[in-house]
Peer 1: 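Submitted below is the structure of interest, expressed as structure tokens.
For clarity, every value in this text was computed on a predicted model and none was experimentally measured. Proteins come first, then strands; the chains are lettered A, B, ... in the order of their sequence lines, and each starts at number 1.
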Number of protein chains: 2
Amino acid sequence: MPPRQTQIAGTNAERTKAHNRRVVLGYVQLSDGAGRAEIARSSGLSTQTVSNLIAELEHDRLVVPAGRRRSARGQPPVLYTFNPAGAAALGFEVRPDALLSVLTDLAGTVLWQAQTPLPASDPETVFALMADLAGQARAQCEVPVLGAGLVLPGPFGVEGLSAAGATVLTGWQGFDDAAAQAAEALKLPVIVEKDATAAAIGEAMLGAAQGLDTFCYLYFGAGLGLGVIAQGQPMRGAFGNAGEIGHVIVVPDGLPCDCGNTGCLEQYTSRMALRRHLAARGLLSPDTPPGGGQTDAVAARLLAVEDAALDAWLNEAARLLAPVIGTLENLFDPEAVVLGGALPDRLLDDLIARLDLPRGSVARRRDRARPRVLRGASGRMTGALGGAALVIHDTVTPRLDPAP
Amino acid sequence: MPPRQTQIAGTNAERTKAHNRRVVLGYVQLSDGAGRAEIARSSGLSTQTVSNLIAELEHDRLVVPAGRRRSARGQPPVLYTFNPAGAAALGFEVRPDALLSVLTDLAGTVLWQAQTPLPASDPETVFALMADLAGQARAQCEVPVLGAGLVLPGPFGVEGLSAAGATVLTGWQGFDDAAAQAAEALKLPVIVEKDATAAAIGEAMLGAAQGLDTFCYLYFGAGLGLGVIAQGQPMRGAFGNAGEIGHVIVVPDGLPCDCGNTGCLEQYTSRMALRRHLAARGLLSPDTPPGGGQTDAVAARLLAVEDAALDAWLNEAARLLAPVIGTLENLFDPEAVVLGGALPDRLLDDLIARLDLPRGSVARRRDRARPRVLRGASGRMTGALGGAALVIHDTVTPRLDPAP
DNA sequence: ATCTTAACTCAAAAGATTTGAATTAAGTAT
DNA sequence: ATACTTAATTCAAATCTTTTGAGTTAAGAT
């Protein structure tokens with residue numbers, strides 16, 4: 001009868017070392033060339049400890065020496081830089097109709113990718129396919145693969161929401177279960193995350209949110225998801241369902257939603273909503289596949305010709321989104337809100353330009369250095385790339401581990 | 001030129017021990033009697049390590065032996081329980097007009113308290129007064145005082161919001177600065193937190209949110225604040241301003257707010273709003289002091305006689321609050337949402353009973369064990385008690401320390 | 001009465017960081 | 001040119017903490 005749900009583990013020398021290794025590697029990654037002594041000063045570790053860890057990281061090819069700095073007095077430090085080519089990471093995004101896979105180096109450069117239709121989305125089928133694809137990917141690269149990030153659409157275990165949505169997987173029990181099964185199938189460490197959060201980690205590691213410690217990420221998939229990174233760590237919620245922003249009610253008695261409420265944000269500001277808007281005006285065939293990029297292509301063309309229907313949709317989407325972004329600012333106090341996902345860059349830029357952000361917000365700081373809203377990376381592989389980024393994040397960012 | 005804003009510290013043997021000590025103490029606190037071997041199993045530590053730490057904690061009087069368990073085979077374990085009387089914690093809540101102080105034992109039992117009018121709310125005056133009060137408090141108790149929790153109203157450093165609100169302190173630079181100055185004045189470790197978050201920690205340690213790892217806490221002060229505990233840790237945001245829920249817009253083109261927007265939740269659902277509502281109907285003198293409990297007393301009386309004006313206010317407050325709670329559920333995925341603070345219990349209970357919570361929410365789980373909304377502790381000292389709870393939380397809950 | 005299981009304790013071993021002295025290297029002043 | 005200062009790095013011994021393994025104690029089961 002343990003008193004906690006979340007077991008908190010004790011720590012020991014090995015864990016201490018793993019933590020310090022991440023501290024050193026994380027510092028090197030974010031710097032462009034750092035000497036041992038500088039790392040020691042910043043981390044509070046002794047120079048000797050840093051020296052040992054650097055030696056180990058150099059042996060593992062995760063850092064490489066990059067000449068000596070000159071200037072100032074004293075012995076010039078040997079600079080070390082992060083070596084993106086020293087290892088690779090796998091990312092898988094499972095959608096109801098397809099499995100998207102990438103292999104990247106530690107800088108997020110794609111080494112290999114695949115998009116595979118899914119005949120069925122039950123775990124057995126998917127894991128078998130993933131194992132096969134992982135084999136192909138590993139044959140392509142000569143460096144060690146650190147692990148795999150598995151990206152699943154949420155929410156999990158919710159009455160109503162999960163029964164109705166169009167983007168739902170059946171037979172998947174939850175994060176922990178999926179991670180264990182996937183690790184077994186791939187013979188690799190596996191991290192499971194929902195799409196918006198994985199994309200947010202990707203953005204933090206490799207994209208527009210680099211250097212941000214606390215930010216919100218709005219992910220335009222079929223619906224609209226929210227990933228929150230708070231103090232460098234993804235916010236998961238009690239059941240892994242944090243960030244279900246698509247079902248925030250923005251129009252009282254508005255359009256009906258799968259979730260049973262009316263006027264959900266997702267019904268107005270999402271690719272699904274855009275598709276419906278364009279289809280209703282005859283600008284898009286109603287039987288366009290939901291997952292495909294055809295909506296994007298049409299939208300991009302309409303944007304170029306300043307189409308009135310698209311213009312109206314963008315205005316409405318921006319009008320409803322702006323106060324929600326203000327709410328996010330006031331609730332999470334982020335350094336910025338990032339918009340990204342499966343819409344064309346130009347469309348997101350245009351949407352951002354139309355946002356009339358509320359004045360009453362904790363985001364209005366005198367010392368503010370960057371815009372309140374940023375555009376992140378976009379494209380179809382964003383989720384899978386986020387999966388790979390999870391693995392990189394895990395090897396680079398220190399954190400307190402829960403008990404195994 | 002360190003690459004991170006938030007320095008991430010390395011760890012060492014001493015920190016390892018401090019962490020493990022917290023793990024053991026935290027486990028004992030949440031259990032009602034635990035043997036060494038049980039603790040070792042749950043924490044992953046060896047029995048010898050646990051034995052050493054228990055010996056140390058017993059020496060410090062933080063745990064006490066409580067007989068042996070019988071049943072099963074093998075030697076019956078010596079059970080240890082948390083000893084609330086083994087130490088004490090101070091809590092201070094600074095308001096523009098008053099300083100509220102408490103000394104509690106580790107179970108949150110009040111050993112001493114004081115409410116002191118503030119002639120001025122500049123840091124020097126407040127710290128001098130705090131030092132004096134801390135001296136009085138420490139004279140009252142024979143056990144060691146572990147530290148002090150300093151509770152301040154937010155937000156900090158925001159244009160517009162901070163210039164306008166009625167509950168603002170001037171001359172206070174920020175959390176870190178205040179913590180250092182207070183530690184200097186009190187000669188004690190000091191933790192600084194904003195009111196809603198401190199109250200939330202208090203609720204988690206000692207109140208309605210016991211055992212909850214992830215929850216939202218709505219704090220009815222003069223305005224309305226939100227404290228979020230995610231995975232056992234308070235969510236602070238990038239600038240310590242997370243949880244400014246009072247300025248979420250719930251009525252388009254509604255009542256004007258100090259923040260510059262219109263229709264903010266705080267203008268409808270807060271003690272300030274209640275006071276205005278009752279004053280406009282002649283049920284309360286318009287010059288009632290804002291901080292006092294007079295509004296509460298009048299409201300309690302009106303509630304008892306089922307007054308129509310109060311009934312209308314409660315209906316309106318509940319109507320606007322329900323979707324906001326739904327939003328919190330969908331954004332934070334908490335185990336529950338707790339309502340507490342400076343309103344009478346019965347009023348909060350009545351408000352909760354009137355909530356018509358949205359059906360489309362990730363909170364609607366088949367495995368849900370408790371109500372979606374709970375009532376927390378209430379009363380004038382809630383914030384200061386939260387301050388003391390911060391100290392207890394800090395001694396009991398393991399976490400990764402940032403660099404000093 | 002003996003066996004089994006479980007909790008606990010003692011002492012030595014192992015892992016990691018820290019400490020302090022020595023070494024190397026480059027700039028700066030004499 | 002030479003000596004001094006500053007800073008990074010390395011080496012070896014010391015320190016802190018957990019782990020390991022053997023041994024002890026205690027209660028139920030056979």
Peer 1: Is there a side-chain hydrogen bond (donor to acceptor under 3.5 Å, both in side chains) between Arg36(B) and Thr47(B) once you walk through the steps?
Peer 2: CA-CA 6 Å; Arg36(B) 293 170 170 84; Thr47(B) 56; over 6 Å; no
Peer 1: I need the CD-C1' distance between Glu38(A) and dT6(D), as an integer number of Å.
Peer 2: 17 Å
Peer 1: Using whole Å, report how far CZ of Arg21(B) lies from P of dC16(D).
Peer 2: 17 Å
Peer 1: Between the protein and nucleotides 21-24 of chain C, list every N/O to N/O distance that falls short of 3.5 Å.
Peer 2:
from	atom 1	to	atom 2	distance (Å)
dT24(C)	O2	Gln75(A)	NE2	2.1

Peer 1: What residues, two or more places apart in sequence or in another chain, satisfy side chain to side chain contact (heavy atoms under 4.5 Å, CB included) together with Ala107(A)?
Peer 2: Pro84(A), Asp105(A), Thr109(A)
Peer 1: With Arg138(B), which residues qualify under side chain to side chain contact (heavy atoms under 4.5 Å, CB included), at least two apart?
Peer 2: Val145(B), Leu188(B)
Peer 1: Looking at Ser51(B), I'd like to know whether one of its side-chain N or O atoms comes within less than 4.0 Å of OP1 or OP2 on dC8(C).
Peer 2: no
Peer 1: dT9(D) phosphate, OP1 or OP2: any side-chain N/O from Arg36(A) under 4.0 angstrom?
Peer 2: yes
Peer 1: Does anything in residues 44-57 of chain B form a salt bridge (charged side-chain N to carboxylate O under 4.0 Å, His left out)? List the pairs, not counting sequence neighbours.
Peer 2: Lys17(B)-Glu56(B), Arg21(B)-Glu56(B)
Peer 1: Taking only residues two or more places apart in sequence, or in another chain, which ones meet Ala185(A) in a side chain to side chain contact (heavy atoms under 4.5 Å, CB included)?
Peer 2: Phe127(A)
Peer 1: Under the side chain to side chain contact (heavy atoms under 4.5 Å, CB included) rule, collect the residues that match up with Ile191(A), sequence neighbours excluded.
Peer 2: Leu390(A), Asp394(A)
Peer 1: Using a 4.0 Å heavy-atom cut-off, write out nucleotides 12-20 of chain C from 5' to 3' as B (base contacted by protein), S (sugar-phosphate only) or - (no contact).
Peer 2: ----SSBB-
Peer 1: With sequence neighbours left out, write down each residue that passes side-chain hydrogen bond (donor to acceptor under 3.5 Å, both in side chains) with Glu193(B), or none if nothing qualifies.
Peer 2: Arg236(B)
Peer 1: Suppose we screen for ring pair (Phe, Tyr, Trp, His ring centres under 6.0 Å). Which residues come up paired with Phe239(A), at least two apart in sequence or across chains?
Peer 2: none
